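In what follows, a single structure is set out as structure tokens and then discussed.
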Amino acid sequence: MRTSQLLFPTLREDPVDSVVISHKLMLRAGMIRQLASGLYTWLPLGLRVLRKVEQIVREEMDRAGAQEVLMSGVQPAELWQESGRWQQFGPELLRLQDRHARDFCLGPTHEEVITDLIRREVNSYKQLPLNLYQIQTKFRDEVRPRFGVMRSREFIMKDAYSFDVSPEGMKASYDAMYQAYCRIFDRLGLDYRAVLADSGAIGGSGSQEFHVLAESGEDDIVFSTGSDLAANIEKAECIARGSRPEPTESLREVETPTQKTIEALVRDFDLPIEKTVKTLICRASEAIDAAFVALVIRGDHTLNEVKAENHPAVATPLTFATETEVRSSMGAGPGSLGPIDCPIPVIADREAAVTADFGAGANRDGWHYFGINWGRDCPEPEVADLRNAVEGDLAPDGSGTYQIRRGIEVGHVFQLGQKYSDAMDATVLDEHGKQATLFMGCYGIGVTRIVAAAIEQRHDDRGICWPASLAPFDVCIVPIGGNKNPIVDQEAIDIKETLEARGLEVLLDDRNLGPGPRFADMDLIGIPLRIVVSGKTLESGEVELKHRTEGEAQRVSREAIVDTIMESEWLRS
RNA sequence: CGGGGUAUAGCGCAGUCUGGUAGCGCAUCUGCUUUGGGAGCAGAGGGUCGUUGGUUCGAAUCCAGCUGCCCCGACCA
């Protein structure tokens with residue numbers, strides 16, 4: 001390819017409406033352009049990278065025994081009503097009607113469609129296990145699209161679905177996908193971690209996420225310093241530090257007319273924040289005989305909403321009581337709540353439950369108790385893991401302490417179990433001739449997001465530094481002084497054609513520009529290897545070869561350049 | 001969904017307060033020169049000032065509505 005024939009409108013300055021580095025660089029490098037909020041057009045250079053990601057994913061899925069299909073992006077409402085998700089999904093599901101006023105949606109995922117296919121086409125356990133995948137455009141009407149293609153409304157996703165007759169089979173399919181994902185992210189050259197995850201609204205039992213580590217990530221990833229234990233903060237188990245000390249203080253009531261927050265309480269009464277708890281009121285589930293429950297966590301901790309929602313006594317979705325509801329159920333307003341004389345069930349976080357001599361609201365406006373001790377001043381609470389992990393927490397496996405870093409979620413593997421097969425009656429005859437409901441797994445990879453995630457991890461102040469596996473071209477050639485010395489251009493073209501004949505993708509920058517802007521553009525778009533052909537070096541029969549991330553170029557003889565590149569480690573790293 | 005910002009040439013911006021000929025830099029086009037890190041000279045093209053309505057002799061500018069886009073927040077008492 002020649003730059004003179006390629007549409008790649010590079011920008012010298014950062015576009016004003018971009019905030020993360022990958023978004024800025026994708027715009028500046030002419031990879032994408034925004035069409036509307038959360039919608040993008042991929043230009044030739046960006047599409048080349050996208051296709052590289054797709055191809056690696058495709059090869060590894062095929063190698064793992066999955067088969068590629070392609071399902072419709074538009075899906076009939078009936079299937080979603082059958083699974084129950086037509087009601088369950090909020091405005092994120094873009095619904096539309098056809099000319100006959102029939103309801104459809106733009107697919108945010110394809111569990112329903114694939115389950116429908118399988119229940120029609122697969123009748124016997126002998127046809128299983130089966131794993132089908134597609135690389136398709138998805139649409140989710142995100143509340144707030146941002147960060148370019150990292151959180152867009154339309155995006156390309158690889159989604160795979162496995163079908164087995166037994167839980168053991170499902171587990172084996174899941175493990176195979178896990179291995180395939182590791183190979184994919186290895187080949188993509190990304191620094192990633194597989195972490196335990198909450199299975200969330202999609203449902204199911206086991207679930208792991210793959211995260212690319214980057215400061216701009218939207219998720220907090222918790223690691224143990226001493227083992228492989230890693231989890232999304234939503235799922236990271238927190239244990240209490242030691243056991244509860246004996247009470248040393250007596251209970252006393254303190255007037256707190258203006259102290260409505262933990263911060264104010266700590267500030268005005270010189271109380272250590274670890275000696276306070278906060279009490280959060282939320283709707284109770286139908287499993288218990290109360291309208292609301294009180295969740296108690298230590299003052300310096302934050303509630304983990306996923307853990308709270310997963311608690312059997314808490315209503316799903318997690319709904320905090322309104323101020324009016326707080327008053328009617330507790331007899332006091334927010335800011336004066338606590339576990340003493342609490343009229344509703346109390347669930348305390350593990351750490352809050354081992355705190356002694358603590359302060360909390362008195363359930364009477366303008367009053368707090370200090371020196372509270374569980375069991376003595378109020379009933380022993382039900383104890384649960386309710387809070388978000390913080391740096392330095394003890395890892396639950398005893399291996400060390402927790403560290404927290406940011407991650408971009410690029411993959412997610414789920415063991416779905418029978419959630420969809422049950423709802424949609426997807427069964428086969430098993431070896432005993434009986435109807436058996438299928439066990440499913442589902443496995444996603446955010447293809448477009450990976451492009452952004454790779455840039456977040458691989459860039460410098462001049463632009464993108466692609467790993468060899470993702471680079472839109474392997475090599476670029478910049479001829480200098482060709483207008484004075486026609487040999488330069490001839491040699492450049494000859495090197496290009498020879499490398500192309502050897503199977504490499506080569507970009508020849510033949511634009512009629514000075515060397516400065518051409519070097520800058522080649523750096524910006526991140527081609528791993530650069531050959532400079534100039535009259536100066538040709539005099540001694542040489543050209544220059546430089547890797548994108550190295551400071552100095554090396555001289556290579558004109559005869560040896562093609563072989564040097566073909567043997568270069570850089571093409572494989 | 002709540003709050004804030006913003007909308008003027010392809011991109012970045014000034015002009016708006018104080019109403020009166022639509023401007024700057026980069027980019028683009030033509031010609032000549034120029035080729036080792038974002039060139040020089042000369043010339044040229046390009047804007048219903050987001051949109052609708054109002055005030056006015058006159059609106060990019062004042063007023064009102066609508067829309068797009070961006071940012072922050074979204075129940076932790």
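All of these numbers come straight from a predicted model, not from anything done at the bench. In what follows, chains carry the letters A, B, and so on, assigned in the order in which the sequence lines appear, proteins first and then strands, with residues in each chain numbered from 1.
Considering only side-chain atoms of A/Glu305, the nucleotide from B/rU35, B/rG37, B/rC76 that sits closest is B/rC76. Listed nucleotides B/rG12, B/rG37, B/rC1 differ in distance to A/Val16; the shortest reach to its side chain belongs to B/rG12. Relative to the side chain of A/Asp17, the nucleotides B/rC71, B/rG36, B/rC69 differ in distance, and B/rC69 lies closest. Among the nucleotides B/rC71, B/rC76, B/rG37, the one closest to any side-chain atom of A/Leu303 is B/rC76.
At a threshold of 4.0 angstrom between heavy atoms, the contacts of A/Leu318 with the nucleic acid are absent. Residue A/Leu295 is out of contact with every strand shown, counting any heavy-atom pair closer than 4.0 Å. Residue contacts shown for A/Asn388 are absent, as no nucleic acid heavy atom lies under 4.0 Å away. A/Ala321 comes within contact range of at least one nucleobase, with a heavy-atom separation under 4.0 Å. Within the 4.0 angstrom heavy-atom criterion, no nucleotide atom of any strand lies near A/Leu11.
Between A/Thr302 and A/Arg144, the residue whose closest nucleotide on RNA chain B is further toward the 5' end is A/Arg144. For the pair A/Thr537 and A/Gln34, nearest-nucleotide mapping onto RNA chain B gives the more 5' position to A/Thr537.
Between A/Trp374 and A/Phe358, the two ring planes are tilted [angle within 30° to 60°].
Taking a pair to require two hydrogen-bonding distances under 3.5 Å in either a Watson-Crick or a G-U wobble arrangement, B/rA59 remains unpaired. When both pairing distances are held under 3.5 Å, B/rG2 makes a Watson-Crick or G-U pair with B/rC72. Using Watson-Crick or G-U wobble geometry with both donor-acceptor distances under 3.5 Å, B/rG50 finds its partner in B/rC66. The nucleotide B/rG19 finds no pairing partner, because no Watson-Crick or G-U wobble arrangement with both distances shorter than 3.5 Å includes it. With a 3.5 Å ceiling on both atom-pair distances, the Watson-Crick or G-U wobble partner of B/rG43 is B/rC29.
Judged by distance alone with a 3.5 Å cut-off, no donor-acceptor contact links the side chain of A/Asp14 to the base of B/rG12. For A/Arg530 and B/rG37, a side-chain-to-base donor-acceptor distance below 3.5 Å is present, hydrogens and geometry of angles not being considered.
Using a distance-only test at 3.5 Å, with no hydrogens or angles considered, no donor-acceptor pair links the side chain of A/Arg28 to the main chain of A/Thr10.
The same atom, P, is picked in B/rU21 and in B/rC66; the two are 31 Å apart, to the nearest Å.
In this structure, CD of A/Glu263 is placed 11 Å from P of B/rC76, rounded to the nearest angstrom.
Screening A/His301, A/Arg387, A/Arg241 against A/Asp393 for a side chain to side chain donor-acceptor pair (under 3.5 Å) leaves a single residue, A/Arg387.
For the pair A/Arg548 and A/Trp570, the NZ or CZ position fails the cation-pi test of under 6.0 Å to the six-membered ring centre and within 45 degrees of the ring normal. Cation-pi geometry between A/Arg530 and A/Phe519 is satisfied (NZ or CZ under 6.0 Å from the ring centre, within 45° of the ring normal).
When the side-chain nitrogen and oxygen atoms of A/Ser37 are compared with OP1 and OP2 of B/rC70, one or more of them lie within a distance under 4.0 Å.
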